[in-house]
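Both backbone and side-chain heavy atoms feed into the values below; hydrogens, waters and symmetry mates do not. Naming convention: chains lettered A, B, ... in sequence-line order (proteins, then strands); numbering from 1 in each chain.
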Amino acid sequence: MTPHRICDSRGQQFSGVSMDVFIGFHGHVLAAVQQLKRDGVVPQDASVDGISLTAPKDPTHGDLATNAAMVLAKPAKMAPRKLAERIVPLIASDPGIEKVEIAGPGFINLTLARAFWPSVLRMVLEQGDAYGRSAIGKGQAVNIEYVSANPTGPMHVGHCRGAVFGDALANLLAFAGYDVSREYYVNDAGAQVDVLARSAFLRYREALGEDIGDIPEGLYPGDYLKPVGEQLAANHKSSLLELTEEQWLPMVRATALKAMLGMIEEDLARLDIRHDVFFSELSLTEGGQDQVADTIAELRAKGLIYEGSLPPPKGKIDEEWEDREQLLFRATEFGDDQDRALVKSDGSYTYFASDIAYHRDKFRRSFKSMIDVWGADHSGHIKRMKSALAALTDNEADLDVKVCQLVRLFRSGEPVKMSKRAGTFVTLRDVVEEVGAGPVRFMMLYRKNDAPLDFDFAKVTEQSRDNPVFYVQYAHARACSVLKNVAERLPDLNLEGDKLAQADLDLLKDDAEIALIRRIAQFPRIVEGAAQAHEPHRLGFYLYDLSGDFHGLWNRGKDLPQLRFIYENDRELTRARIALVDVTKRVVALGLGILGVHAMHELH
RNA sequence: GGCCCCGUAGCUCAGUUGGAUAGAGCACCAGAUUCCUAAUCUGGGGGUCACAGGUUCGAAUCCUGUCGGGGUCACCA
């Protein structure tokens with residue numbers, strides 16, 4: 001593929017397929033391999049799956065490198081470098097490729113024609129906000145379940161990371177061409193919501209004028225239940241007092257649940273998080289049906305359910321532990337270290353039992369691909385959940401459980417102490433109000449999900465290079481600033497819309513300029529890689545690097561005025577550089593958009 | 001004791017799913033520095049990728065074992 005074909009193809013070549021600017025060259029390498037197969041140099045059945053085409057870290061290795069010769073050396077029974085010599089002439093003829101070299105153990109390094117890089121810019125300008133979008137998802141439906149915090153109170157910081165992670169991952173997958181459904185599993189069936197109801201009932205009595213004293217041990221003490229009590233008092237006057245707990249509890253519970261969910265939705269909205277579906281656990285067993293029982297029956301039919309007793313828990317001695325026969329799922333058949341209980345001693349279903357039914361329901365809603373975002377304390381449950389789902393769906397469903405490790409809060413290096421009992425835990429709302437949604441989101445994503453994360457209130461608002469939030473936002477703001485300045489200083493320079501794409505981009509020759517373009521060209525690959533690995537943090541690190549290249553280029557203009565973006569002595573060159581600035585700005589904004597962070601036009 | 005995660009520069013962490021001489025930021029050292037509204041900038045030193053085996057053309061990455069740190073371990077959610 002030549003550079004010209006790349007920039008001339010408007011809808012066709014890039015609609016529906018990867019916008020990776022290197023994809024054409026990859027095809028080229030594969031075509032060369034096909035030729036060698038026809039020539040009998042490489043056996044027909046040799047796999048080409050391992051052949052990659054990547055941008056090497058070291059620029060002296062060219063723009064692109066392929067391992068094709070090394071991968072095929074064994075099936076072809078040839079030394080890698082010998083085989084490389086056969087491949088080289090087959091790709092060297094492409095006019096888009098300036099130089100082909102064999103290096104190291106058998107890498108084939110391609111140096112692209114200098115004119116290729118400006119063509120990348122032109123393409124990005126034409127693609128606009130579609131740049132980097134991918135079709136690898138093929139419209140496949142993906143269900144991503146995240147947050148799912150118990151509806152018994154406001155969200156605290158602990159929920160924050162999973163919430164942001166799940167939301168950004170959902171954005172990312174949507175950007176990569178998946179059909180994403182965002183789901184919240186509402187645990188409205190367990191004992192904790194009865195506790196919620198009793199706590200609300202106490203507040204109801206308080207609202208009626210009764211002195212309730214201290215909140216008893218075992219009930220939720222938070223003030224956030226006072227409005228619920230007042231609402232109950234307004235709706236029912238004192239009538240609930242006449243009823244038995246059995247009678248009032250369902251009513252009070254429903255009112256309290258609705259209030260709690262409303263509060264949680266508000267908290268999430270502060271972080272720009274909105275779910276498509278709130279799935280009620282209670283709904284699994286309501287309305288004359290019992291999906292949990294159905295689920296257990298299905299598993300029983302597969303011979304995976306039995307009555308038995310479990311060995312006592314190891315590690316700590318639990319006084320209340322009693323040996324009893326219970327209904328168990330054969331998780332050990334799937335590599336779990338124990339079979340798992342489905343029914344509690346009081347006869348109700350365990351959380352696990354409901355959760356299986358819930359995942360079965362997702363599958364029945366035709367989601368074959370599911371992602372769950374869990375806190376680290378639930379990691380021990382992954383195996384049993386996967387086991388149960390595999391059993392129920394005959395391995396047709398794919399479940400990826402992403403575990404978010406703990407967030408440790410700091411204030412200028414000092415750990416923030418939190419105690420639920422003392423009521424000193426930091427809520428999600430506190431954090432967002434103090435530092436803003438954007439910084440919270442970015443910091444929560446600037447780490448691998450399975451590594452612990454330190455969150456320092458002072459750090460996220462610091463204006464320096466070691467605060468990535470600021471550094472990336474600053475790149476965007478700086479680009480905006482340059483665009484604004486050029487419009488003022490050179491008002492007759494036509495920079496509107498697609499005029500920018502007509503700038504003579506070949507004038508961009510400086511190494512720092514090319515380096516920035518190379519980074520921009522990586523964007524679609526980063527998106528695809530992050531989407532496939534379910535790792536949004538890669539995007540955050542990419543944006544930091546991209547911002548570094550951009551700031552670096554700006555800094556060079558300090559010493560060398562001829563390298564400044566706005567160079568009044570050369571209007572055409574300025575136009576070309578403005579195109580580069582504009583594209584950089586767009587890519588930063590696109591990347592931030594996927595992370596769910598609003599790109600700022602000015603910083604103060 | 002079982003299972004899961006982690007172990008990379010003095011510190012905090014990346015590492016394109018197995019690629020070439022392992023990279024950033026902070027800190028440290030040496031220079032430069034009043035600016036296209038904006039974080040000062042440039043360069044430098046610093047590593048047995050916890051350890052030992054294995055897999056192969058090639059391992060920080062995959063497998064096994066050891067050591068160290070964290071989480072979790074009937075019924076709760």
Side-chain angles (χ1 to χ4, degrees), chain A residues 50 52 54-58 60-61 65 67 69-71 73-74 79-81 103-107 109 148-150 152 187 189-193 281 309-316 318 320-324 326 328 335-338 340-341 343-346 348 350-352 354-355 375-383 403 405-406 446-448 450-452 454 462-468 470-471 474-475 477-478 481-482 484-486 489 522 525-526 528-530 532-533 535 537-538 540-542 544-545 548 551-552 554-559 561 564-568 602-604:
Chain A
S52 67
T54 54
K57 300 174 246 194
D58 185 344
T60 65
H61 293 144
N67 60 355
M70 292 182 291
V71 171
K74 197 176 221 177
R81 291 189 67 113
F107 286 104
N109 293 339
S148 300
N150 280 342
T152 55
N187 301 129
Q192 80 286 347
V193 285
E281 182 184 357
S309 57
L310 290 172
K314 287 174 184 155
K316 65 177 179 198
D318 191 336
E320 294 182 25
W321 187 83
E322 54 174 321
D323 191 23
R324 69 176 184 93
Q326 47 191 344
L328 298 171
D336 203 353
D337 48 313
Q338 228 172 51
R340 301 293 171 178
V343 177
K344 293 189 259 182
S345 51
D346 67 357
S348 61
T350 62
Y351 178 78
F352 177 50
S354 305
D355 214 12
D377 50 341
H378 287 54
S379 58
H381 298 239
I382 295 175
K383 203 165 265 174
V403 169
Q405 286 291 336
L406 234 60
Y446 200 66
R447 192 108 311 170
K448 258 181 312 202
D450 51 10
D454 292 347
E462 184 181 289
Q463 303 210 337
S464 76
R465 183 168 189 163
D466 65 323
N467 175 10
F470 171 78
Y471 196 63
Y474 183 31
R478 178 173 260 173
S481 167
V482 172
K484 198 174 128 207
N485 283 344
V486 74
R489 286 168 54 185
Q522 290 288 334
R525 290 208 149 188
I526 300 291
E528 289 190 357
Q532 275 166 338
E535 290 184 353
H537 77 274
R538 293 191 194 184
F541 284 95
Y542 169 78
Y544 185 78
D545 290 340
H551 290 307
W554 193 93
N555 284 326
R556 293 199 63 196
K558 270 181 162 175
D559 297 334
R564 294 182 179 185
F565 296 132
I566 304 174
Y567 185 50
E568 300 185 14
E602 329 188 304
L603 301 179
H604 288 291

Report summary line: On RNA chain B, more 5' by nearest nucleotide between A:Thr350 and A:Val482 is A:Val482
Report summary line: Ranking A:Gly557 and A:Arg447 by the position along RNA chain B of their nearest nucleotide, the one closer to 5' is A:Arg447
Inter-nucleotide [atom1] distance ([N], [M]), Å rounded:
{"N": "B:C5", "M": "B:C63", "atom1": "P", "result": "10 Å"}
{"N": "B:C62", "M": "B:G18", "atom1": "C1'", "result": "8 Å"}
{"N": "B:G10", "M": "B:G45", "atom1": "P", "result": "15 Å"}
{"N": "B:U48", "M": "B:G2", "atom1": "C1'", "result": "33 Å"}
{"N": "B:G65", "M": "B:G58", "atom1": "P", "result": "24 Å"}
{"N": "B:U8", "M": "B:U12", "atom1": "P", "result": "8 Å"}
{"N": "B:U64", "M": "B:A24", "atom1": "C1'", "result": "33 Å"}
{"N": "B:G53", "M": "B:A59", "atom1": "C1'", "result": "13 Å"}

So, using side-chain contact (heavy atoms from CB on, under 4.5 Å) as the criterion, who are the partners of [X] when residues are at least two apart?
{"X": "A:Ser345", "value": "A:Arg324"}
{"X": "A:Leu406", "value": "none"}
{"X": "A:Tyr471", "value": "A:Arg465, A:Tyr544, A:Ser547, A:His551"}

Using whole Å, what does the distance between atom [atom2] of nucleotide [N] and atom [atom1] of [X] come to?
{"X": "A:Lys74", "N": "B:G18", "atom1": "NZ", "atom2": "P", "result": "17 Å"}
{"X": "A:His381", "N": "B:G71", "atom1": "NE2", "atom2": "C1'", "result": "12 Å"}
{"X": "A:Lys558", "N": "B:U40", "atom1": "NZ", "atom2": "P", "result": "9 Å"}
{"X": "A:Leu406", "N": "B:G69", "atom1": "CG", "atom2": "C1'", "result": "14 Å"}
{"X": "A:Asp336", "N": "B:C73", "atom1": "CG", "atom2": "C1'", "result": "11 Å"}
{"X": "A:Phe541", "N": "B:A14", "atom1": "CZ", "atom2": "C1'", "result": "5 Å"}
{"X": "A:Leu328", "N": "B:A74", "atom1": "CG", "atom2": "C1'", "result": "9 Å"}
{"X": "A:Gln338", "N": "B:C4", "atom1": "CD", "atom2": "C1'", "result": "15 Å"}

Under 4.0 Å, heavy atoms only, any strand: does [X] hit a base, just the sugar-phosphate, or nothing?
{"X": "A:Ala79", "value": "nothing"}
{"X": "A:Lys344", "value": "sugar-phosphate"}
{"X": "A:Ser481", "value": "base"}
{"X": "A:Tyr471", "value": "base"}
{"X": "A:His551", "value": "base"}
{"X": "A:Gln326", "value": "sugar-phosphate"}
{"X": "A:Ile566", "value": "base"}
{"X": "A:Ala376", "value": "sugar-phosphate"}
{"X": "A:Gly529", "value": "nothing"}
{"X": "A:Arg340", "value": "nothing"}

Which residues pass the side-chain hydrogen bond (donor to acceptor under 3.5 Å, both in side chains) test with [X], sequence neighbours left out?
{"X": "A:Gln532", "result": "none"}
{"X": "A:Glu568", "result": "A:Arg489"}
{"X": "A:Gln192", "result": "none"}
{"X": "A:Asp336", "result": "A:Arg340"}

Query raised in the report: Do the ring planes of A:Phe541 and A:His537 sit parallel (below 30°), tilted (30 to 60°) or perpendicular (above 60°)?
Result: perpendicular
Report task. Of all the heavy-atom pairs spanning A:Ala189 and A:Glu281, show the shortest one and how long it is. Result -> CB-CD, 3.6 Å
Report summary line: Note: A:Phe470 and A:Glu462 closest approach over all heavy atoms is CB-O, 3.6 Å
Report summary line: Contacts of A:Phe107 meeting ring pair (Phe, Tyr, Trp, His ring centres under 6.0 Å) (sequence neighbours excluded), chain-then-number -> none
Report summary line: Taken in chain and number order and not counting sequence neighbours, the residues that satisfy ring pair (Phe, Tyr, Trp, His ring centres under 6.0 Å) with A:His61 are none
Query - Beyond-backbone contact of A:Val482 with A:Ile566, side-chain heavy atoms, under 4.5 angstrom - result: yes
Could you run down the sub-3.5 Å N/O contacts of the protein with nucleotides 43-46 of chain B?
none

Report summary line: Per the glycosidic torsion and the 90° limit around 0, nucleotide B:U17 is syn
Requested in this report: Examine distances only and state if a side-chain atom of A:Asp450 and a backbone atom of A:Val403 form a donor-acceptor pair shorter than 3.5 Å.
Outcome: no
**Report entry** Flag, side chain of A:Ser309 to backbone of A:Asp323, donor-acceptor distance under 3.5 Å
**Finding:** no
Report task. Choose from B:G2, B:G15, B:A74 the nucleotide whose nearest atom is closest to any side-chain atom of A:Asp337. Result -> B:G2
**Report entry** Given B:U16, B:C36, B:C6, the nucleotide with the shortest approach to the side chain of A:Asp450
**Finding:** B:C6
Query raised in the report: Has A:Phe565 got its ring stacked on the base of B:C36, with centres under 5.5 Å and planes less than 30° apart?
Result: no
Query raised in the report: Would you say a side-chain N or O of A:Gln405 is under 4.0 Å from OP1 or OP2 of B:C5?
Result: no
**Report entry** Secondary structure of RNA chain B in dot-bracket form (Watson-Crick or G-U wobble, distances below 3.5 Å, | marking inter-strand pairs)
**Finding:** (((((((..((((.....[...)))).(((((.......))))).....(((((..]....))))))))))))....
Query raised in the report: Any N or O donor-acceptor pair linking the side chain of A:His378 to the base of B:A77 at under 3.5 Å?
Result: yes
Report task. Starting at the 5' end of nucleotides 19-34 of chain B, put B wherever the base has a protein heavy atom under 4.0 Å, S where only the sugar-phosphate does, and a dash everywhere else. Result -> BB---SSS--------
